[in-house]
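Residue numbers start from 1 in every chain, and the chains themselves are labelled A, B, ... in the order their sequence lines are given, proteins ahead of strands. Computed from a predicted model, the values in this text were never measured in an experiment.
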Amino acid sequence: MISTLETQAKRPPFSPEKLTEVQGVIKQFPEGKQKSAILRVLHIAEEEFGGWLSPETMDYVAELLDIQSIEVYEVATFYTMFNLKPTGKFVFEVCRTGPCMLVGSDEIIDYIKSKLGISAVGETSADGMFTLKTAECLGACGYGPMLQCGKVYHEHLTPAKVDELMDHYRAKYSSSINQN
Amino acid sequence: MGRKLLLEHIDVSGIETYDVYRNHGGYKSVEKALKTMSAQEVVEEVQKSALRGRGGAGFPTGMKWSFLAKPEGVPRYLVCNADESEPGTFKDRFLMEKLPHLMVEGMITSSYALGANTAYIYIRGEYMFVLDILEKAIAEAYAKGWLGKNILGSGYDLDLHVAPGGGAYICGEETALLESLEGKRGNPRMKPPFPAVKGLYGCPTVVNNVESICAVVPIINIGADEYLKIGTEKSSGTKLISACGNIARPGVYEIELGLSVEDFIYGDEWCRGIANGKKLKALIPGGSSVPILPAHLITSTAAGERRYMSYESLSDGGFASGSMLGSGGFIVFDEDQCIVRNTWNFARFYAHESCGQCSPCREGTSWMEKVLHRLETGKGNMRDIDLLAEINKKIEGNTICPLGDAAAWPVAAAIRHFREEFEWHVTHPNDAITRNYGMLKTPSITL
Ligand SMILES: Cc1cc2nc3c(=O)[nH]c(=O)nc-3n(C[C@H](O)[C@H](O)[C@H](O)COP(=O)(O)O)c2cc1C
Ligand code: SF4
Ligand code: FES
């Protein structure tokens with residue numbers, strides 16, 4: 001997550017290290033099937049280039065994979081994990097599906113909305129720190145209510161735990177700023 | 001105590017690391033298969049074990065393997081389906097997170113059986129933290145000579161990679177998964193041709209669930225005869241059940257197939273009863289796509305026989321009074337839960353996840369969602385209940401992949417068993433809204 005923060009303003013191209021990583025991913029697939037690497041490369045690109053996929057980023061990925069830009073747009077718009085517009089510094093994706101609802105996900109969603117002072121899912125807090133999104137079942141049904149932030153699952157949520165999380169991520173952001 | 005085959009060593013500290021795993025009998029199935037068995041013998045052993053696919057459909061794994069086409073000079077692939085997105089299901093994550101080397105070992109033994117020299121684990125994109133765990137295990141396996149060229153001096157080569165998805169339930173459907181793995185949108189393909197003939201990059205491919213592939217390890221280790229002694233006649237072996245909803249102890253449990261549903265829900269070893277001392281109202285035993293069962297059909301069948309956790313017993317009574325074992329996503333509802341709200345929630349899930357290729361599914365799922373939302377919020381009328389049944393009929397059997405059916409059948413089952421509750425939402429529009437969150441006491445109607 002920190003790496004995302006440090007690179008808020010970063011734009012293509014990848015650093016030499018990231019480029020090596022991407023090349024390694026492409027090599028996992030047979031000769032001529034480099035398009036198979038697209039989802040992984042888009043995930044990496046999103047993380048590297050400010051947490052969302054700009055048209056510039058997608059064109060760059062197309063170039064790297066030697067495919068048409070439209071092939072990247074097609075894929076990026078199909079899969080729900082990709083952000084096609086800028087988000088807050090941290091995105092909270094709360095699972096809203098049945099099993100989580102049974103144990104109180106609706107209340108958690110309402111609580112986060114009120115904490116952030118936003119009126120609807122999809123909005124970002126005024127300070128630009130948090131975006132609230134909902135997701136369908138994230139495979140944590142026995143540990144709900146839950147949310148995903150970056151790669152991390154936060155489970156067994158309560159209002160108090162949500163407060164802690166927000167403090168935690170705010171602190172994380174402050175320390176990353178101070179480092180720079 | 002039920003016998004544990006997959007989770008035998010789950011409590012051993014450090015079991016996710018190579019050394020500890022190896023010291024607890026890890027990679028023995030690879031040694032046994034590569035040193036003492038031909039590929040064909042491994043396939044036959046799995047066939048004999050009667051292992052049924054653990055991804056949901058329950059298709060016999062050995063039979064699927066025997067269908068794999070073997071044209072000269074064309075590569076064959078094994079693809080592990082780790083897309084796990086069926087609501088209520090979180091067992092594959094548990095296996096891969098806690099026992100990554102079991103996953104790797106299963107992939108090696110299975111790939112050897114199929115003659116695949118490249119294999120992929122396609123994992124849902126949200127499980128990126130699990131992907132990291134798997135890649136670490138894979139790197140260790142390469143370093144120790146279990147992957148790569150000439151494994152154990154047998155002349156057999158295998159490369160194994162993990163590929164993430166991007167957030168799309170439909171990519172759990174095997175042909176959509178293959179499209180996605182080829183770097184495209186996850187639109188299911190028409191079948192035939194089946195993946196066994198034309199799969200990844202047009203080559204013969206086997207797609208199996210995480211748990212099916214892991215189960216190959218104990219089957220080879222103990223032998224099919226021993227495996228067959230566990231479970232029932234029609235449901236051999238053990239199964240992971242991910243239990244959630246309103247139970248005292250949610251989690252992933254490995255059970256011997258044939259355990260009674262009552263023991264599973266109330267037993268100390270498993271769910272320990274309904275949370276907060278409430279009463280059991282309903283159960284979805286195998287993931288959101290299978291029919292819901294009302295209280296009186298959970299621990300016993302319509303014929304009054306005990307209900308067991310097995311393919312045959314959970315489906316006893318067909319769609320009229322039974323359900324399915326499915327993926328093992330076991331969702332329990334207590335007396336305060338609103339069936340209409342839950343049915344609407346799942347309908348919204350399917351509407352959201354329809355890939356949009358077939359109009360009956362694309363239009364039908366969003367219509368169902370709208371009608372159910374109307375009912376749930378007290379704005380519906382009696383005709384809406386029948387309208388749902390009509391939409392159902394238009395979807396059923398008219399689509400490319402089974403997602404359409406998976407969306408339609410649970411709605412039909414909910415109305416079949418809980419029609420009064422749907423009607424109550426029409427006759428009590430104001431109360432219907434206050435019950436939205438299922439937090440208020442169930443009003444006095446006979447459920
Ligand atoms: C809409 C839909 C979603 C599915 N999702 C999954 C899934 O997440 N994981 C899985 O293993 N199988 C899933 N399946 C079943 C697969 O198509 C396929 O049958 C399965 O991976 C075969 O593996 P098995 O025989 O080992 O169970 C899904 C099927 C459909 C129609
Ligand atoms: S049934 Fe639905 S999900 Fe399946 S192919 Fe058709 S539109 Fe896509
Ligand atoms: S329903 Fe929320 S994680 Fe599965």
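- A 4.5 Å side-chain heavy-atom check between A:Q28 and B:V162 finds every atom pair outside the cut-off.
- Annotation: side chain of B:K184 is not in contact with side chain of A:E74 (no heavy-atom distance under 4.5 Å).
- The number of heavy-atom neighbours closer than 6.0 Å to CD of A:E21, taken from other residues, nucleotides and ligands shown, is above 12.
- For B:L181, the parts lying under 4.5 angstrom from a heavy atom of chain A are both the backbone and the side chain.
- Annotation: residues 77-87 of chain B contacts chain A through B:Y77, B:S85, B:E86, B:P87 [non-hydrogen atoms, separation under 4.5 Å].
- The candidate with the highest count of non-hydrogen atom pairs below 4.5 Å against chain B, out of A:V75, A:T97, A:I38, is A:T97.
- Heavy atoms of B:I170 lying under 4.5 Å from chain A belong exclusively to its side chain.
- The shortest heavy-atom contact between B:G186 and A:F78 is N-CE2, 3.1 Å.
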* To do: Could you walk me through whether B:C244 and A:Y143 pass side-chain contact (heavy atoms from CB on, under 4.5 Å), step by step?
  => CA-CA 8 Å; B:C244 59; A:Y143 325 116; over 6 Å; no
* Please step through salt bridge (charged side-chain N to carboxylate O under 4.0 Å, His left out) for the pair A:D106 and B:R341, ending with a clear verdict. => CA-CA 12 Å; A:D106 285 334; B:R341 183 165 179 79; 2.8 Å; yes
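- At distances below 3.5 Å, not a single donor-acceptor pair connects side-chain atoms of B:Y169 with backbone N or O atoms of A:E136.
- Between A:S36 and B:Y201 the shortest side-chain heavy-atom distance falls below 4.5 Å.
- Between A:M81 and B:E126 there is a side-chain heavy-atom pair separated by less than 4.5 Å.
- Taking the six-membered ring where the residue is Trp, A:F29 and B:H161 present tilted rings, their angle falling between 30° and 60°.
- Neither the backbone nor the side chain of B:V130 comes within contact range of chain A, judged by heavy atoms closer than 4.5 Å.
- Side chain of A:H43 to main chain of B:G165: a donor-acceptor pair is present (N/O by atom type, distance under 3.5 Å, no hydrogens or angles).
- Residue A:Q148 touches chain B through its side chain alone, counting heavy-atom pairs closer than 4.5 Å.
- Heavy atoms of other residues, nucleotides or ligands lying less than 6.0 angstrom from NZ of A:K161 number more than 12.
- Heavy-atom distances place the side chain of B:C171, and not its backbone, under 4.5 Å from chain A.
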* Determine, stepwise, if the pair B:R348 / A:R96 fulfils side-chain contact (heavy atoms from CB on, under 4.5 Å). => CA-CA 10 Å; B:R348 181 180 65 178; A:R96 66 176 191 181; 3.1 Å; yes
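- A heavy-atom distance below 4.5 Å is found between the side chains of A:Y79 and B:S180.
- In this structure, the separation between CG on A:L102 and CG on B:D336 is 11.0 Å, given to the nearest 0.5 Å.
- Inter-residue side-chain proximity for B:L131 and A:R40 is flagged as met; some heavy-atom pair is nearer than 4.5 Å.
- Between chain B and the options A:G98, A:C141, A:G142, A:G144, heavy-atom pairs under 4.5 Å are most frequent for A:C141.
- Although no hydrogens or angles enter the test, the distance criterion places no donor-acceptor pair under 3.5 Å between the side chain of A:Y153 and the main chain of B:Y127.
- Using a 4.5 Å cut-off between heavy atoms, B:E135 touches chain A through its side chain atoms alone.
- Within the 4.5 Å cutoff, the side chain of A:C137 has no heavy atoms near those of the B:F90 side chain.
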